[in-house]
Amino acid sequence: MPSAGLFPRRVTQLAALLSMFALFAAQIVSALLPNVPVFIAVSAAGLALDVYLQYRDPGLLALLGKVRFDATVRQLLRDMLVLVGLLRIDGIDAGSEQAPLLVAVCAFYALHFACQAAAVLVRRTRTLPIVTRNIDASALHLTAAPPRILARRQGHRLLTFSIPTTAGLLLTAATTDGYWGAIGVVASLALIGGGTAYLATWLLPKKRAKSEQQVMNWLDKWLADYQPTVGMYFSGGATSAYQANMWLSTLSSIDARPLIVLRERFMVQKIDATDVPIICFPKVSTMFSLENSTLKMMLHPANAAKTSQVLRIPTIKHAFINHGESDKLSSCNPYAKAYDEVWVAGPAARERYALAEVGVEDKDIVEVGRPQLAPIRPYAGPPTGPYTTVLYAPTWEGWDGNPGNTSVVLAGENIVRHLLADEGVRLLYKPHPLTGSVDPRASAANERIMAMIREADTKRSGPRPDAEAAAELVRRTAELDQLTKTSFRAGADEMERMLLQGTPRGDREAAIAEATLAWEKAYWASFPEWEHQIITDARPAIFACFNQADLLISDVSSVVSDWLSSEKPYAVANTSGMPEADFRTGFPTVSAGVILTPAADGVPALLESVRHPEKDLFTAARAELKVHLLGPSDPPSLARFNAAISALCAAADERRVRMETRLSSELPSPREEAAEETAQDPHEAEETAVG
C-alpha cells in the first residue's frame, strides 16, 4: 500500500497535467477568435509550465512521451498555434511579416534536430567498451563531458531555447509589429546554432574517445602491470549492490592483488568507497580479455544471469562466497554446483548443502568463517542501565510468497506492541530495505509499525543531549561523507567520472573505518537513551545496531547467523505455521533462541531472561551454535579466508601448467616439423642430403 505522502504529490501531478491540457485548449480557442490578451497569457503560461515541469518533475512528462506527446510535439503545437493566432490578428501582414517568421521557425527546428543528431554521435563516441574506477586512465586522454542541456536533455534544450522565439512572437501579437518576432527567432537561432557548433567540437579528434581496440589494448597493458590475482565478480539490479559492498572490507584486506569485475555500467557508482580497482565489462567479448591476464580466481557474492558468462573463462577458478547465510532455501541454490568451490562460514552450511542435495559435493565446500563480523562486539553481560535495547530487524517477504519469510505481516505489530508496553525497553526498528517491494501487505504493516513507534516516542520524555552532540554528529557526517561520496557535476558522463575517479587514495579503507566508528559514536550520543529509533537509512549499519542492542528479534535470515558471533540472546518469529519442534529442526540457526508465535506472547518472558541471565536457558547453546554456524575463532576468519584463496589460486596455477604441458606435447617441435616436411617431399630431402 503506498504511503499517504504519495497521494498529495499525485494530486499535484494530475493537476499539472490537466492545467497543461487546459492551456492548450485555451490557446486554440483564443487563437481562433482571436482574443489577444488571453492568447498571449495562455501561450506564455503553457511554455512556462512546460519548462518548469522539465526541470522539477521530468518523470511526469516522461508519461506524456510514452503516448508520443513529448516536448518536441508539444512545443511544435504551441508554435503552430502562435503562428495561427498571428494570422487571425488584424494588422499583421501574413505575407511580408509572417512568412519570414515561419521560415525562421522552421530553420530553428532544423537546427534543433541537427543538434540532437550531434548529441547522439557525441554520446556514442564517448561510450567506452569498459568503465573503470580507481584506475589511472590518463593514457586514454579522457575529457570532460559537454553541457548536459546540449548532449542529453533534448526537451530542456528545445523548450529553453524556444523562449526567445515565443516571447518575440507574443510581442508581435501584442504590438502587430513583426520586428519583435524577428528578434526573438534570431535569438533562438543563435542559441541553437551556437550550441550545435559547440557540441560538434566533441567530435573533433582532440576530444574524441579512443577506439575500442585502443581501449582494450590499454586495458591489457594495465592488467599486465597490475597483475591481479583475485577478482570479485558481481552483476545485479540497482538495489542489489549491498551484496557486493559487504565484501569490500574483506577484499581490501586479503593477501593478494584484488580486482572488482562488474557487468552493468550503473553499478560502477553503486559500489561503496574503496581503493580496490574496478572494471565494468558491459559486453562479454571485452570481458574475455581477463583470460590472458594473471587473474587466477573469482569470488562470487551472488548468483546472477550473467554469472554463467564468466564461468566460461577456463583459466580462472571460481568460488561462491554468498552475501549471507541462513537456513532459507536461497542459501542452498542448485546454481552453486557451477562453481569450483563453495565457501561457507562453518559446519552448519556444509550440512545444509548435504541435506539439500542440490549437487554440491562435500569436497568442494570450504569453511572460511565470516571475515566481515570482526566489528561485532561480544556479549558483555545483561543491561546495566535503566533501558534494555532491543533490535527488531525483520527480513523482507522474498519472491516465493512464503509467509514464513518475514514476520512483519503476521507478527510485526504484535512484537512491537509488546515491546513498547515495557517501560524499560528502548526499541531499534531496522526493517529490510526491500520490505514491501513484493507484497503490499508488508509495506502497509511496516508503515503501521513505524507509526506505533513514533506515537510511543511522543509519550516519553526525559533529558536530551545538548546542542554540541548534534553539532558533533553534523561534523562527523560531513567527514564521513567526504570519504565515502564522490560529487560530480550534473552533466558528468561515464568518461568524465572515469577521469575524476582514476586515482585511489591508497588508505581509503582505514580512513573510512576510523571515520565510521567516530560517526557511530556521535550518532548514538545524539539521541536520548530512552528514545525509540526507526532506522531505514544505510547508516547506521546493522552491525552498529548489533553493538547497541542487548537482544535481537528477527526472522530466519543471515542476520541471526551474524548476530550469533556476539553470543547475545535472540529470538526468532515463527510465522511459517510449523510447530515449534519442527521449526527448530528445520532451521538450525533458531535452535539457540526463543521462538515467538505470531501473537508474540513470549516477549515479556524473553525480556526477563535478558535482564536476568540466570533465567536464560540458551547461554551454552548459543556458544555451541556460534561455532557450528561460523566456525572456530582460531585461526581468525580472515586467516582462513586467505588460506582458501591461496589453495584455489594454487589449483588454478596447476591447471595452467597441465594445460600448457598438454598443448606443448600436442604441438610438434620445430625439429619434428622439419622432419615431417622432409618426409612429405623426398626430392627436397635428397637435395638437402647432397648439400
Side-chain angles (χ1 to χ4, degrees), residues 2-3 5-31 38-85 105-106 108-120 122-124 145-170 184-185 187-188 191-192 195-196 199 238 265-266 488-494:
S3 63
L6 289 177
F7 290 108
R9 182 171 182 270
R10 289 176 178 173
V11 171
T12 302
Q13 289 178 327
L14 180 60
L17 289 178
L18 292 176
S19 298
M20 181 180 291
F21 291 127
L23 289 170
F24 272 118
Q27 190 178 10
I28 293 172
V29 173
S30 60
V38 174
F39 173 67
I40 293 173
V42 297
S43 298
L47 177 58
L49 177 61
D50 211 338
V51 171
Y52 174 80
L53 292 177
Q54 282 286 345
Y55 285 93
R56 292 299 301 269
D57 199 349
L60 176 63
L61 296 181
L63 296 176
L64 297 179
K66 293 181 179 180
V67 294
R68 299 294 186 267
F69 196 50
D70 57 16
T72 302
V73 176
R74 295 194 301 273
Q75 186 56 28
L76 188 60
L77 176 60
R78 285 192 199 93
D79 287 339
M80 181 190 73
L81 291 174
V82 169
L83 292 173
V84 169
V105 170
C106 291
F108 171 79
Y109 278 93
L111 283 174
H112 164 69
F113 291 122
C115 188
Q116 183 60 18
V120 172
V122 168
R123 290 201 301 269
R124 287 182 178 178
R148 184 167 56 162
I149 194 171
L150 296 176
R152 294 189 174 273
R153 295 203 161 181
Q154 173 186 357
H156 293 68
R157 179 176 67 240
L158 175 63
L159 296 176
T160 303
F161 290 178
S162 291
I163 291 176
T165 294
T166 301
L169 293 177
L170 293 181
V185 174
S188 290
L191 286 172
I192 193 69
T196 303
L199 181 62
R265 293 178 181 272
F266 69 83
F488 303 105
R489 67 185 184 92
D493 59 5
E494 284 179 355

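The figures that follow rest on heavy atoms only: side chains count, while hydrogens, waters and symmetry mates do not. For the single chain, residues carry numbers from 1 onward in sequence order.
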Work out which heavy atom in Thr72 is nearest to a heavy atom in Leu158; give both atom names and the distance.
CA-CD2, 3.4 Å
How far does CZ of Phe69 sit from CG of Leu63, to the nearest 0.5 angstrom?
13.5 Å
Would you say that Tyr109 contacts Ile192 through its side chain, given a criterion of any heavy-atom pair below 4.5 Å between the two side chains?
no
Salt bridge (Lys or Arg N to Asp or Glu O under 4.0 Å) involving Asp57 - partner list, sequence neighbours excluded
Arg9
Are a donor atom and an acceptor atom from the side chains of Arg78 and Gln75 found within less than 3.5 Å of each other?
yes
Val42 versus Phe24: any side-chain heavy-atom pair under 4.5 Å?
no
Looking at residues at least two apart in the chain, or sitting in another chain, which of them share a side chain to side chain donor-acceptor pair (under 3.5 Å) with Arg489?
Glu496
Do the non-hydrogen side-chain atoms of Ser43 and Leu81 ever get within less than 4.5 Å of each other?
no
Is Asp493 close to Arg152 at the side-chain level, that is, under 4.5 Å between some pair of heavy atoms?
yes
Measure the spacing between CG of Leu169 and OG of Ser162 and express it to the nearest 0.5 Å.
10.0 Å
Say you draw a straight line from OG1 of Thr165 to CG of Asp79; how long is it, rounded to the nearest 0.5 Å?
6.5 Å
Who passes ring-ring contact (aromatic ring centres under 6.0 Å, His included) against His156, sequence neighbours left out?
Tyr55
What's the spacing between Gln27 CD and Met80 CE if we round to 0.5 Å?
9.0 Å
Nearest atoms (heavy-atom pairs only) where Arg157 meets Leu150:
NH1-O, 2.8 Å
Between Gln54 and Arg153, is there a side-chain donor-acceptor contact under 3.5 Å, judged purely by atom types and distance?
no
Looking at every heavy atom in both Leu53 and Met20, which two are closest together, and how far apart are they?
CD1-CE, 3.8 Å
Taking atom CD of Gln116 and atom CG of Leu199, what is their separation to the nearest 0.5 Å?
9.5 Å
Side chains of Gln154 and Asp70, heavy atoms from C-beta outward: is any pair under 4.5 Å?
no
If you count every heavy atom of other residues, nucleotides or ligands that lies below 6.0 Å from Tyr52 atom OH, does the total exceed 12?
no
Closest heavy-atom pair and its distance - Ala31, Phe39
CB-CE1, 3.7 Å
Nearest 0.5 Å please: distance from the CG atom of Leu191 over to the CG atom of Leu111.
11.0 Å
Identify the heavy atoms of Phe161 and Pro164 that sit nearest to each other, and give their distance.
O-CD, 3.4 Å
Are side-chain heavy atoms of Leu17 and Leu64 found at a separation under 4.5 Å?
yes
What pair of heavy atoms forms the shortest contact from Ala151 to Ala119, and how long is it?
O-CB, 3.5 Å
